[in-house]
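First the proteins, then the strands, lettered A, B, ... as listed; each starts at 1.
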Protein chains: 4
Amino acid sequence: MPKRFNLREEAQKAFQNRKRKPELKRDAVLSTAAHLFLKHGYRRTSMEDIADHLEITKPALYHYFTSKDDILVGCYSQGIASILTRLDDADKATGSGLEKTRAFLRVWVETITTMEFGQCVVSLDDNELAPAARSEVRRLKRRIDRSLRERIAEGIADGTIKPCDIRLVAFAFGGAVNSIGAWYDPNGKLSTSAFVKAYTDILIDGVSMAPAPKPVRSSRRGARSTKSE
Amino acid sequence: MPKRFNLREEAQKAFQNRKRKPELKRDAVLSTAAHLFLKHGYRRTSMEDIADHLEITKPALYHYFTSKDDILVGCYSQGIASILTRLDDADKATGSGLEKTRAFLRVWVETITTMEFGQCVVSLDDNELAPAARSEVRRLKRRIDRSLRERIAEGIADGTIKPCDIRLVAFAFGGAVNSIGAWYDPNGKLSTSAFVKAYTDILIDGVSMAPAPKPVRSSRRGARSTKSE
Amino acid sequence: MPKRFNLREEAQKAFQNRKRKPELKRDAVLSTAAHLFLKHGYRRTSMEDIADHLEITKPALYHYFTSKDDILVGCYSQGIASILTRLDDADKATGSGLEKTRAFLRVWVETITTMEFGQCVVSLDDNELAPAARSEVRRLKRRIDRSLRERIAEGIADGTIKPCDIRLVAFAFGGAVNSIGAWYDPNGKLSTSAFVKAYTDILIDGVSMAPAPKPVRSSRRGARSTKSE
Amino acid sequence: MPKRFNLREEAQKAFQNRKRKPELKRDAVLSTAAHLFLKHGYRRTSMEDIADHLEITKPALYHYFTSKDDILVGCYSQGIASILTRLDDADKATGSGLEKTRAFLRVWVETITTMEFGQCVVSLDDNELAPAARSEVRRLKRRIDRSLRERIAEGIADGTIKPCDIRLVAFAFGGAVNSIGAWYDPNGKLSTSAFVKAYTDILIDGVSMAPAPKPVRSSRRGARSTKSE
DNA sequence: CATGAATGAGGATTCATTCAT
DNA sequence: AATGAATGAATCCTCATTCAT
């Protein structure tokens, strides 16, 4: 098991001593749930599964969360918060829009390959959630997307990124990044850092050997051409 | 509702006459199911939902499919068959490995933006399936992936594609393409064909204005660095 | 497969020629059903199973029988008729009550080991049937039981059978005979006729080497001591 | 209703208090189920029937048993355990093989006429069970059969039982005993103990007044002549 | 007659959630 | 605070039986 999972190993311990802070137990529930949700899917993970893994009882979960949806929202929040925090750090490195975008992707990919909460954000289907919870999650998600688009726009403005449909690019990057959870094995031969770089560069630079014949000239107002979400 | 969905409107008609080509009814079930699966997810779509949409009763579905899994497998098969068929056509256009890869992506993106069955292949989680059905589906899916990798390899060999970790590229492309279903709106301003071209070119050529500073130099034996599946 | 089953093989043929007599088809249904009922139980045999084995369609069965219950009653009737017929023959052999009883058992055991319909009578649970059908079947069954009891009574009267509770003896014999279907293998080493004799003698003569120390002295009015059925 | 069933009347009480020995409730489920299984058959008894009789809801049953099969296996186990326990006691009475066999039958008959669980063992069709549960049950059943055969063999060896095909005798006895559940009425005129003695003696000593003309001389290797199970 | 299609009435099982203690 | 017990609402699937053609 990769070491990024040992949060979960600690999770059980949090419940073994009743004196521990409730905050810790909340986290324990969250990281256990995140792990199971990723492994088996939200629907197929029952409250009982989560409770069993923590060696507590089902109703105990309801002390910390009001519902299963609430737990999922918790996972999303944690993941998005992590990404956003790291992103702030990355931004201090001033540079061209292209370099900022590259840095953004790197942080994003890194978070996902490193943290289960990060993966939750990209792998879990928020359609599972009740409407209220769903829009809360989407609001959070949009912050990442907006952040990415701003950097791309900056790159286009300063001439380091080709003129292109920002939304399409953001979606393409998002899709490629989000898929990582489905196949990436942190114990593979490629080191995490090498993987992060390679994957980022593929997206930013493409695979074509020659410079692209012509710059992409799609409508600049592509925004309307895709769903609002 | 987008016009590409009006197949489904026809679906109900297929059941209005008791005597009617069973093949037609089977297809009607399949396209209705595909639509609902995509909209609400496989688990959250009940057999009753499907039956209600077709204005038939639940057990009637079991005339055409042995189980819910069987219906999902049917959707996958249809989608994969479509993609593979179109891919064959695209291949006749001989060209460099790069151009073949580009053509491949175009066909792939096009299928997904055009057919709900195509979207099923990329959006539906085959983890929902029983083991037997799951491996059947994975076998089919692998054919697409293999096909893509062969073209990339060809491009690397003929020097039109940068030396790179083929698996990573295939995954990045796959992820970006698969995500389309989640946000693409066929009624958006951008025409389908414009979208297909733009999206494909982003992936192939990247967004960086300058030629990449250095070619991607990841380990050439990257295969082991990612999960086998 | 034992040869006593080849009636069933013929069953399918009966339906291959539409010109054949409907009576033959009825029989074909009956013997196929008997076979399946014995093999899997009445409840677990579906009308579809029967139809499939005969290579006809389900509704066709309803041409010959009004319901599944009706088929089961048919099986019972055939079996009971066979037993009763053979019993009449056996009775012509005049003899003591003991010998008549022994002959009766022999015929009974023989019928059961030889005919699937015979086995139906003893192995199938008439509780499965709707009330009307059930009492019809029970009426038929009682005729066998009555026949056996008469012979035992005759033996007691003529001093060849110990004074005993006739009902208990009849039930003991019935139980032992009825169980045959559950374990007897017509292809076993013991020939059918040897088996019939051995089994009958065990019941009639017991297994004790010495003559029983004292005659059985149960209440002579034991009849009332057991359920009426 | 016969008084041997009033365990069941107590069954409902077991569920009247939320806090109560779970063992008690498990037993309540089991005895209620046993009763219904015997009365209507396994298949025709629904989980809802059982729940209704206990005045609880269907899913509550799943607290105590994982499945309907599990309940049936529970009934079998209880019955077989009872028989085996009583058998051990009976065996302490040393004696000839014949007397041991007689004692065995007495205990067996007694258990069946006294306990519904005993009847389950003999009356319920284990073909209803899933393969795993079925072989578990059969393993248990075989222990009783083996026990009986050992005693018969002992009797043959010490000359108190006629040389005979042990398997046939065991089957005949088993069949006769198993049938008891189908017709015995514990409230009949005959007392249980009188019934037990009378029934046992019929089987052991036969009904023939005269000593049997010739000892049964079936093939001594009759084992092969019947199915293995 | 025969048949493919359709259905109504269950039945086992799962699970998020809430009580009673 | 924590738990064992209980529940209601689904959900998939089966099957005897009946139509429409």
> salt bridge (Lys or Arg N to Asp or Glu O under 4.0 Å) with Asp70(B): which residues, sequence neighbours excluded?
Replying inline: none

> With sequence neighbours excluded, what pairs up with Thr57(D) under the side chain to side chain contact (heavy atoms under 4.5 Å, CB included) test?
Replying inline: Pro59(D), Ala60(D)

> Does a donor on one side chain sit under 3.5 Å from an acceptor on the other, for Tyr42(D) and Asp126(D)?
Replying inline: no

>> Among dA2(F), dA2(E), dC19(F), which nucleotide has an atom closest to any side-chain atom of Pro59(C)?
In response: dC19(F)

> Quick one: Glu55(C) CD to dA2(E) P, roughly how many Å, whole number?
Replying inline: 16 Å

>> Please report the distance, rounded to the nearest Å, between NZ in Lys25(C) and C1' in dC1(E).
In response: 9 Å

> Can you tell me how far C1' of dA10(F) sits from NE2 of His40(B), to the nearest Å?
Replying inline: 16 Å

> How would you list, by chain and number, every residue that makes a side chain to side chain contact (heavy atoms under 4.5 Å, CB included) with Asp125(D), sequence neighbours excluded?
Replying inline: Arg44(C), Asn127(D), Glu128(D)

>> Rounded to whole Å, please give me the gap between CD1 in Ile56(D) and C1' in dG8(F).
In response: 14 Å

> Quick one: side chain to side chain contact (heavy atoms under 4.5 Å, CB included) partners of Ser77(A), sequence neighbours excluded?
Replying inline: Val73(A), Leu140(A)

> When the nearest nucleotide of DNA chain F is assigned to Thr66(B) and to Thr57(A) on a heavy-atom basis, which residue is associated with the more 5' position?
Replying inline: Thr57(A)

> Rounded to the Å, how far apart are Glu23(B) CD and dG4(E) P?
Replying inline: 16 Å

>> Rounded to whole Å, how long is the line connecting atom NE2 of His63(D) with atom P of dT7(F)?
In response: 9 Å

> Can you list the residues that meet the salt bridge (Lys or Arg N to Asp or Glu O under 4.0 Å) rule with Glu136(D), with sequence neighbours excluded?
Replying inline: Arg139(D)

> Between dC13(F) atom C1' and Tyr64(B) atom OH, what is the distance in whole Å?
Replying inline: 18 Å

>> Without decimals, in angstroms, what is the distance between Asp70(D) CG and dT13(E) C1'?
In response: 13 Å

> Does Arg134(C) have any salt bridge (Lys or Arg N to Asp or Glu O under 4.0 Å) partners at least two apart in sequence or in another chain, and if so, which?
Replying inline: none

> Just the dot-bracket of DNA chain E, please: which string comes out with Watson-Crick or G-U pairs under 3.5 Å, [ ] for crossing, | for another strand?
Replying inline: .||||||||||||||||||||

Pairs under 3.5 angstrom, nitrogen or oxygen only, protein versus nucleotides 10-12 of chain E, please.
unit_1: dA12(E); atom_1: OP1; unit_2: Lys68(D); atom_2: NZ; d: 3.0
unit_1: dA12(E); atom_1: OP2; unit_2: Met47(D); atom_2: N; d: 2.9

> For the residue pair Ala33(A) and Ile50(A), what are the closest heavy atoms and their distance?
Replying inline: CB-CD1, 4.0 Å

> What pairs with Tyr76(A) under ring pair (Phe, Tyr, Trp, His ring centres under 6.0 Å), at least two apart in sequence or on another chain?
Replying inline: none

